[in-house]
Amino acid sequence: MTFSNKLIQWYLYNKRDLPWRSTKNPYAIWLSEIILQQTRVDQGMAYYYKFLEHFPTVKDLALASEEQVLKLWQGLGYYSRARNLHVSAKYVYYTLNGVFPSTYNELIKLKGVGDYTASAIASICFNETTAVVDGNVYRVLARYFGIDTPINSTKGIKEFKSVAQELISVNDPGTHNQAVMEFGARLCKPQNPFCSSCPLNESCAAFEKKLIKNLPVKEKKIKIKKKYFNYIVIQTINNKTFLEKREEGIWLNMYQFPLIETSKIINEQQFIAHQKFSEIFTTTKVSVKLFNNEPIVHKLSHQHIYAKFWIVKTTSLKMAVLDWNEVEKLPVPKLIDNFLNQFNNN
DNA sequence: CATTCGTGGGA
DNA sequence: TTCCCAAGAAT
C-alpha cells in the first residue's frame with residue numbers, strides 16, 4: 001500500500017468529527033483555514049461557529065465593518081487574519097460578483113491566503129491536486145523520510161513542498177491533505193508521538209534511526225524584546241473615558257487607552273511628567289492611582305510587555321467622549337480585555 | 001531572507 | 001519556569 005493509502009486509511013478510522021469536515025462550501029472552508037492558521041482546533045472552534053453565525057455568507061462578511069470583524073476575532077490573536085479576511089470578502093463580493101475563486105492560482109490572490117491555504121481550499125473544495133504543507137506535514141515528512149533540511153529555510157520550504165506534491169493522491173487530494181495533517185496532529189505529535197502504534201513505523205526513517213526527537217530541524221531562535229506600556233485610564237465624574245485606535249504595529253486598528261510607551265519602568269512622578277500626560281490634562285485637576293502595583297507581564301511571540309494601568313480621575317475632559325458602557329463594544333487586545341474584566345469587578 | 005504578527009496549552 | 005509550537009502570511 002502506498003504512503004497516501006496508509007495515511008488515508010488511518011484517517012478514515014481516526015479522524016475527529018470537526019464541523020468544517022461536513023461541508024465543501026469554499027467560504028466555510030476558507031474561514032476555517034484562516035482561523036486555524038497557527039491556532040489549535042480547541043481554540044479556534046468557537047470562533048468558527050461565531051463567524052458563520054454572524055456572517056453566513058461571504059456577502060454578509062463583506063457588508064460588515066472592519067470593527068465588527070475585529071470585535072468577533074477578539075481574543076484569537078494574529079489580527080491581520082481578521083483584517084485580511086474582511087478585505088478578501090469585499091474583493092470576492094464586489095469584484096468577483098460574490099463567486100468564490102475555485103483554483104489555486106485564483107485563491108492565492110486573496111489577501112491572507114498563501115500557499116498552504118490556497119492548496120487546502122483548492123484540494124478540499126475543488127479536488128485540485130495541490131499538496132498542503134503546514135507544521136504537521138513538515139513533521140511527518142521530515143520524520144518518515146529522515147529529511148533534516150531546516151523547515152524554515154528557503155531550501156527546506158521548497159524541498160518539503162516538492163516531496164508533499166509527489167506523495168499526494170490524485171484520486172482524493174482533499175482527503176489526503178487532511179489525512180497527513182490529522183496524522184501529524186494526533187499520532188505523529190511533536191512530543192511523545194505514538195510510534196509503537198503507528199501504521200508507518202516499519203518504514204519510518206526517523207523511527208528506525210531513533211531520530212524522532214531530532215526531526216524536524218528548525219533553525220534560528222526568535223529574539224524577545226521588552227516593552228513598557230503605561231495606559232492612561234481616564235475616568236470622569238460623569239462616567240466617561242477615552243480609547244484610541246492603534247495605527248501601527250501590533251494590534252493594528254484595535255483600541256486601547258491612551259498609551260505612553262517608555263524604555264523602562266516608570267513611577268508616578270515620571271508618568272505625570274510625561275509630555276503625553278500633560279497634553280491631555282493641561283489645566284485639569286486630576287487624581288492618579290496605579291491600578292496594578294506590579295506591572296502586568298503580557299507575553300507575545302516576539303515581545304514581553306510590562307503594562308501599568310494608571311487610573312486618572314477628573315471632573316470633566318473634552319476628549320473623554322466614550323461612555324464606559326460603550327467600551328465593551330470596541331475590539332481590544334487581550335491585555336486590555338483582561339484589565340477591563342478586573343476593573344469592572346471592582 | 002529575516003522579521004513581525006497573539007494567545008494559550010503542554011511538557 | 002521556561003520553552004516549544006499550533007491547519008502561515010505579509011513585509
Starting at the 5' end of DNA chain C and moving along, which residue's nearest nucleotide shows up first, A:Leu18 or A:Lys111? A:Leu18
DNA chain C: A:Arg21 or A:Ile108, which has the more 5' nearest nucleotide? A:Arg21
According to a strict under-4.0 Å criterion, is A:Tyr79 in side-chain N/O contact with OP1 or OP2 of B:dT7? yes
According to a strict under-4.0 Å criterion, is A:Lys334 in side-chain N/O contact with OP1 or OP2 of B:dG8? yes
d([atom1], [X]; [atom2], [N]) in whole Å:
| X | N | atom1 | atom2 | result |
| --- | --- | --- | --- | --- |
| A:Gln38 | C:dA7 | CD | P | 8 Å |
| A:Ile151 | C:dG8 | CD1 | P | 10 Å |
| A:Tyr48 | C:dA7 | OH | C1' | 13 Å |
| A:Leu36 | C:dA9 | CG | C1' | 15 Å |
| A:Gln191 | C:dC5 | CD | C1' | 8 Å |
| A:Lys225 | B:dT4 | NZ | P | 4 Å |
| A:Leu85 | C:dA9 | CG | C1' | 13 Å |
| A:Ile35 | B:dG6 | CD1 | P | 16 Å |

Measuring only the P atom in each nucleotide, how far is B:dT3 from C:dA7? A whole number of Å is fine. 24 Å
Name the closest nucleotide to the [X] side chain, picking from [options].
| X | options | result |
| --- | --- | --- |
| A:Asp134 | B:dG8, B:dT4, C:dG8 | C:dG8 |
| A:Trp20 | C:dA6, C:dA7, B:dG6 | C:dA7 |
| A:Gln37 | C:dG8, B:dT7, C:dA7 | C:dG8 |
| A:Thr39 | B:dG6, C:dA9, C:dA7 | B:dG6 |
| A:Ile250 | B:dG8, B:dC5, C:dG8 | B:dC5 |
| A:His302 | B:dT4, C:dA10, C:dC4 | B:dT4 |

Mind checking [X] for me? I need base, sugar-phosphate or nothing, with any heavy atom below 4.0 Å counting as a touch.
| X | answer |
| --- | --- |
| A:Gly184 | nothing |
| A:Arg139 | sugar-phosphate |
| A:Thr117 | sugar-phosphate |
| A:Gly249 | sugar-phosphate |
| A:Asp42 | nothing |
| A:Trp73 | nothing |
| A:Leu76 | base |
| A:Lys155 | nothing |
| A:Ser80 | nothing |
| A:Val113 | sugar-phosphate |

Got a donor-acceptor contact below 3.5 angstrom from the [X] side chain to the [Y] backbone?
| X | Y | result |
| --- | --- | --- |
| A:Asp148 | A:Val217 | no |
| A:Thr241 | A:Ile234 | yes |
| A:Ser88 | A:Asn84 | yes |

Parallel, tilted or perpendicular: rings of A:Trp324 and A:Phe343 (30°, 60°): tilted
Heavy-atom side-chain contact between A:Tyr144 and A:Leu167 under 4.5 Å: no
Does C:dG8 have A:Tyr116 stacked on its base, where the ring centres are within less than 5.5 Å and the planes differ by under 30°? no
Hey, is the side chain of A:Arg81 pairing donor to acceptor with the base of C:dA7 inside 3.5 Å? no
Between A:Lys71 and A:Gln74, do the side chains contain an N or O donor and an N or O acceptor separated by less than 3.5 Å? yes
Nearest heavy atom decides the nucleotide; on that basis, is A:Lys223 or A:Leu300 closer to the 5' end of DNA chain B? A:Lys223
If you look at every heavy atom in A:Leu107 and A:Ala118, which pair is closest and at what distance? CD1-O, 3.8 Å
